[in-house]
Each structure stands twice: as structure tokens, then as C-alpha cells.
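Okay, structure first, notes after.
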Amino acid sequence: MRTFGLIGYPLSHSFSKKYFTEKFEKEGIENTVYELFPLETIDAFPELIKSTPNLVGLNVTIPYKQAVMPFLDELDPKAEAIGAVNTIKLENGKLKGYNTDYIGFKESLIKFVGPNPMPQQALILGTGGASKAVQVTLEDLGISYQFVSRKSADNQLTYDEITSSPHHLATSSLIVNTTPLGMSPNIEDLPDLPYKQLTPNHFLYDLVYNPLITAFMQKGIDANCWVKNGLEMLHGQAEAAWKVWNKSTNPN
């Protein structure tokens with residue numbers, strides 16, 4: 001019985017178990033299970049590895065995408081560049097970390113923009129683990145970006161600075177929300193932006209996928225913007241993780 005699973009804490013709203021369990025049933029993948037492994041502390045990770053027989057692969061979610069890295073034997077170059085891991089493969093007693101969030105987001109963003117010109121400038125809302133995959137994707141696609149957070153730092157704007165200067169939204173046609181703002185059950189929450197400055201030329205991408213239309217996206221819809229949620233990215237990163245676990249080739 002091959003075992004796969006998800007580590008993080010808490011895991012009460014896990015997408016992964018339902019997705020992979022349905023995938024195994026639909027595709028006739030036998031002798032394979034996907035379990036949830038809620039870890040109150042990352043220090044419990046080595047014991048989990050030791051005590052779980054036939055463990056082949058793990059997904060990693062909040063808050064351990066960075067904290068798990070010191071426990072791994074090797075990092076895929078893209079995961080190392082991003083500085084975060086969301087997929088782990090166990091092979092020959094070794095643990096190797098990957099980042100399939102990058103793959104999921106990149107493929108989804110390219111589809112989202114479609115035949116339109118690729119935006120030249122972007123704002124990344126939030127500076128957590130998810131923002132790192134977005135950052136490297138934009139770099140690889142040649143899109144300039146600035147982070148937006150509550151605190152000021154190098155190459156990082158505050159929400160107050162965005163509001164006080166129309167220049168920032170006027171020159172950044174792509175806005176990516178990597179924060180959990182608006183996620184169920186707090187569906188009325190949204191990033192503090194001057195939404196009245198949005199135009200039909202803006203692309204709003206929200207990594208949140210529950211609800212399917214977030215408050216952030218609704219502001220974009222009201223302004224006739226292009227909008228997208230994170231569900232396609234989630235499916236993409238899951239399928240990329242499955243490829244990692246079942247093939248020796250690099251998925252990037």
C-alpha cells in the first residue's frame with residue numbers, strides 16, 4: 001500500500017485528501033492512499049517519516065513550506081530558488097523537496113492572460129510562502145513586480161502607499177493576491193486597495209479558491225477587469241506533485 005499525504009497545521013479544510021482520493025478512484029489507481037498528517041510543530045516531522053510505512057510522497061502546506069526545508073536531503077533547483085517547498089518525494093531513504101506551486105501558477109497565469117499582451121508590471125499582495133512561487137514565476141516570464149504588505153521594506157510597498165499614489169495601480173496591470181484574505185469563512189475580507197482606480201485593462205488573480213468568487217475578485221468584476229481564482233493553480237500543482245512522485249524526471 002503506497003502512502004501519500006499532507007503535512008501542515010491545521011488541516012481541517014484540506015483540498016488535497018479529497019482531490020487525490022477521488023483521483024485514485026476515478027483513474028483506478030490501486031493500493032494507494034492519501035492521508036492527512038496535522039503536525040502541531042515541524043519538529044514532529046522526522047518521527048512521522050520514521051513511523052509511516054510505505055510513505056512515498058508528501059504535500060506541504062501552511063505553515064511549513066519553509067520550515068520543512070532543513071529536514072530535507074536535497075532540493076530541486078526551482079524549489080531552492082523560490083525558497084519554499086510544497087512537495088516532498090521519498091526515494092531510497094532520501095527526502096527531496098520540490099515546488100509545484102510554481103508550475104501550477106505559471107501554467108494558470110499563461111492561460112489567464114491568453115491572447116492578451118503579457119502584463120509588464122505586477123503587484124504581489126502579501127509576502128508569505130505562496131508569494132515566493134509567484135515572484136519566481138513573474139521573473140521567469142519577464143514581468144517586473146513589487147510586493148505589497150502592511151510594512152515598508154526594499155522593493156515592498158505598503159497598502160497606504162498604493163492608496164496615496166494612483167501611479168502604482170495605473171502602471172501595474174496584474175495584481176496577484178497571495179494573502180488568505182477573503183478565504184471562507186471570512187468571505188467579506190479583502191486587501192486594502194483603492195479599487196476605484198481599477199480599469200478593464202487590469203488582471204486580478206486571487207490564489208484563494210474558496211469561495212470561487214472572492215470579495216477581491218468581485219471588486220474586479222465590478223470594474224470590468226479580468227479575474228481568476230486559485231482553483232486551477234491548485235489542480236495544476238497537485239498534478240505536478242503526482243508527476244514528481246511517479247517519475248524521476250524534473251517536472252519544471
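Hydrogens, waters and symmetry mates play no part in the numbers below; they use all other heavy atoms, side chains included.
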To the nearest 0.5 Å, what is the distance between [atom1] on [X] and [atom2] on [Y]?
| X | Y | atom1 | atom2 | value |
| --- | --- | --- | --- | --- |
| Met233 | Ile103 | CE | CD1 | 10.5 Å |
| Ile88 | Leu6 | CD1 | CG | 10.5 Å |
| Thr87 | Asn99 | OG1 | CG | 7.5 Å |
| Lys228 | Leu204 | NZ | CG | 13.0 Å |

Looking at every non-hydrogen atom in both residues, tell me the closest pair between [X] and [Y] and how far apart they are.
| X | Y | answer |
| --- | --- | --- |
| Gly97 | Ala79 | O-CB, 3.8 Å |
| Lys89 | Tyr98 | CB-CE1, 4.0 Å |
| Thr158 | Lys151 | CG2-C, 3.7 Å |
| Pro191 | Asn177 | CG-OD1, 3.7 Å |

- prompt: Out of curiosity, does Val176 fall in the hydrophobic cluster containing Val208 (side-chain heavy atoms, cut-off under 4.5 Å, transitive links)?
  reply: no

Determine whether [X] and [Y] make a side-chain contact, defined as any pair of heavy atoms from C-beta on separated by less than 4.5 Å.
| X | Y | answer |
| --- | --- | --- |
| Leu138 | Leu174 | yes |
| Asp101 | Lys65 | yes |
| Met1 | Val33 | yes |
| Leu193 | Ile175 | yes |
| Gln146 | Gln156 | no |
| Asn246 | Val56 | no |
| Asp222 | Tyr195 | no |
| Leu109 | Phe105 | yes |

Donor-acceptor under 3.5 Å ([X] side chain, [Y] main chain):
| X | Y | value |
| --- | --- | --- |
| Thr100 | Gln237 | yes |
| Ser108 | Gly104 | no |
| Asn224 | Pro200 | no |
| Ser165 | Glu161 | no |
| Tyr64 | Leu39 | yes |
| Asn229 | Leu212 | yes |
| Lys94 | Asp73 | no |

Any donor-acceptor N or O pair under 3.5 Å, side chains Glu239, Tyr19: yes

field: Tyr102 and Asp140: side chain donor to acceptor below 3.5 Å
entry: yes

statement: Given the options Trp242, Phe20, Tyr34, Phe4 meets ring pair (Phe, Tyr, Trp, His ring centres under 6.0 Å) only with Trp242

- request: Verify whether the ring centers belonging to Phe15 and His235 lie closer than 6.0 Å.
  value: yes

message: Under 4.0 Å between a side-chain nitrogen and a carboxylate oxygen: does that hold for Lys18 and Glu22?
response: yes

message: One thing to verify: whether Lys23 and Glu27 come together as a salt bridge, which I'm taking to mean a side-chain N less than 4.0 angstrom from a carboxylate O.
response: yes

